[in-house]
Amino acid sequence: SADKATKSATAGAGSTKKKDNTLKIVLIVVGVIVGLGIIGTILATVFFASLFNSATDGVDVDDGTVTIKSDDGNVTTTAGAGATLADGWPSDVPIFEPSSLKSSSKADNTSFSAVAATASSVADVTAYYKSQMASQGWATQLDSTSGDGTLLSFSKDNRVSSVIVTTSAEESSNEKTGFVVSVTTQE
């Protein structure tokens with residue numbers, strides 16, 4: 001009977017550990033996909049814009065900022081050392097400080113994203129967003145932490161915001177935590 005209780009407790013602990021590892025893997029994959037997607041989009045946009053700039057209407061490259069204009073809307077991205085928050089960034093969605101902004105994008109003032117890094121811990125950045133988003137009137141929809149990462153989701157009026165916080169893969173930097181903040185207006 002004691003053996004059964006021990007085995008049951010051990011099995012339960014293994015199940016929790018497996019769930020934590022699964023969530024950790026999901027958070028890492030989401031973070032990598034978002035980060036690579038943003039970086040890939042920026043690089044592809046800059047490459048094609050510079051290659052075809054004189055022959056392509058609707059693409060403007062100006063000092064680290066790429067703007068693509070089409071009948072479907074406009075997308076603007078800044079990246080690199082001179083990255084700044086996209087014009088019109090929602091004032092009720094803060095960016096953790098101190099941090100360095102890696103890129104920022106907007107699509108027709110309905111969708112915004114920012115990628116940044118900081119020397120602060122995952123726990124500090126997560127606590128900041130939990131507190132600041134609540135103080136700005138955002139309701140928490142999801143708060144999931146596992147291992148080295150946190151996924152937060154908030155809603156306010158007709159907008160949703162998500163924050164992904166994870167340890168940085170860049171070992172050569174003192175910026176040990178990376179985070180992505182996005183805001184989308186839903187129709």
Side-chain angles (χ1 to χ4, degrees), residues 16 18-42 45 65-70 72-79 83-118 120-169 175-187:
T16 302
K18 187 180 272 188
K19 286 179 185 176
D20 284 349
N21 286 340
T22 301
L23 184 56
K24 180 178 178 180
I25 290 168
V26 168
L27 286 172
I28 290 170
V29 168
V30 167
V32 168
I33 288 171
V34 169
L36 289 177
I38 291 169
I39 291 168
T41 300
I42 293 166
T45 303
T65 300
V66 177
T67 302
I68 301 172
K69 297 177 182 178
S70 75
D72 295 325
N74 301 327
V75 176
T76 303
T77 301
T78 62
T84 58
L85 280 178
D87 289 341
W89 182 270
S91 61
D92 60 349
V93 180
I95 298 297
F96 179 85
E97 291 294 336
S99 65
S100 61
L101 191 62
K102 304 301 181 183
S103 70
S104 181
S105 299
K106 79 171 179 176
D108 289 332
N109 289 327
T110 61
S111 182
F112 296 86
S113 67
V115 177
T118 183
S120 299
S121 69
V122 169
D124 288 345
V125 176
T126 299
Y128 172 84
Y129 277 101
K130 287 179 181 181
S131 168
Q132 290 300 306
M133 295 299 275
S135 73
Q136 292 292 329
W138 290 85
T140 301
Q141 300 300 311
L142 176 68
D143 178 350
S144 181
T145 299
S146 178
D148 296 336
T150 299
L151 174 59
L152 302 170
S153 179
F154 306 94
S155 65
K156 181 178 181 182
D157 302 324
N158 65 335
R159 297 179 297 152
V160 294
S161 179
S162 63
V163 179
I164 300 170
V165 186
T166 189
T167 55
S168 177
E175 296 174 329
K176 62 184 178 182
T177 301
F179 59 99
V180 178
V181 181
S182 67
V183 185
T184 303
T185 301
Q186 299 177 326
E187 295 182 18

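No hydrogens, no waters, no symmetry mates; every other heavy atom, side chains included, goes into these values.
- Note that CH2 of W89 is 12.0 Å distant from CG of N109, once rounded to the nearest 0.5 Å.
- A side-chain hydrogen bond (donor to acceptor under 3.5 Å, both in side chains) with T150 is found for exactly one of D143, T145, T166, namely T145.
- Taking OG1 of T126 as the start and CG of L151 as the end, the distance is 10.0 Å to the nearest 0.5 Å.
- Atoms CG and CG, on L152 and L142 in that order, are 7.5 Å from each other to the nearest 0.5 Å.
- A perpendicular orientation is assigned to the rings of F96 and F179, their planes being inclined by more than 60° (bins at 30° and 60°).
- S99 approaches E97 most closely through the heavy-atom pair N-OE1, 3.3 Å.
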Check your understanding: Could you walk me through whether F154 and V163 pass the side-chain contact (heavy atoms from CB on, under 4.5 Å) check?
Key -> CA-CA 9 Å; F154 306 94; V163 179; 4.1 Å; yes
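- T140 has its side chain out of reach of K130: every pair of non-hydrogen atoms, C-beta onward, lies at least 4.5 Å apart.
- Closest non-hydrogen pair, S155 versus Q141, comes out as OG-NE2, 2.9 Å.
- Between the CZ atom in R159 and the OG1 atom in T110 there is a gap of 12.0 Å [rounded to 0.5 Å].
- The closest side-chain donor-acceptor pair between S100 and K102 falls under 3.5 angstrom.
- Summarising the geometry of A117 relative to E175, their closest heavy-atom pair is CB-OE1, 3.5 Å, with the distance given to 0.1 Å.
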Point to revise | S182 vs S162, side chain to side chain donor-acceptor pair (under 3.5 Å): CA-CA, chis, key distance, verdict | key: CA-CA 5 Å; S182 67; S162 63; 2.7 Å; yes
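- Note that OG1 of T76 and NZ of K69 are 8.0 Å apart. Values are rounded to the nearest 0.5 Å.
- The two residues V122 and T167 come nearest to each other via the heavy atoms CG2-N, 3.8 Å.
- Atom CG of D87 has 12 or fewer neighbouring heavy atoms from other residues, nucleotides or ligands inside a 6.0 Å radius.
- When only modelled atom types and interatomic distance are considered, T118 and T177 share no side-chain donor-acceptor pair under 3.5 Å.
- When atom types are taken as modelled, the side chain of N74 and the backbone of D108 share no donor-acceptor pair closer than 3.5 angstrom.
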Practice item. Dump the intermediate steps for side-chain contact (heavy atoms from CB on, under 4.5 Å) on Y128 and V165, then the final yes or no. Key: CA-CA 11 Å; Y128 172 84; V165 186; over 6 Å; no
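- Contact record, M133 with D92: SD-O, 4.2 Å, taken as the closest heavy-atom pair.
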Check your understanding: Where do Y129 and V181 land on the side-chain contact (heavy atoms from CB on, under 4.5 Å) test, with the steps shown first?
Key -> CA-CA 10 Å; Y129 277 101; V181 181; 3.4 Å; yes
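- Side-chain polar atoms of T77 and S105 form a donor-acceptor pair below 3.5 angstrom.
- Considering every non-hydrogen atom in both G88 and F112, the closest pair reads O-CZ, 3.3 Å.
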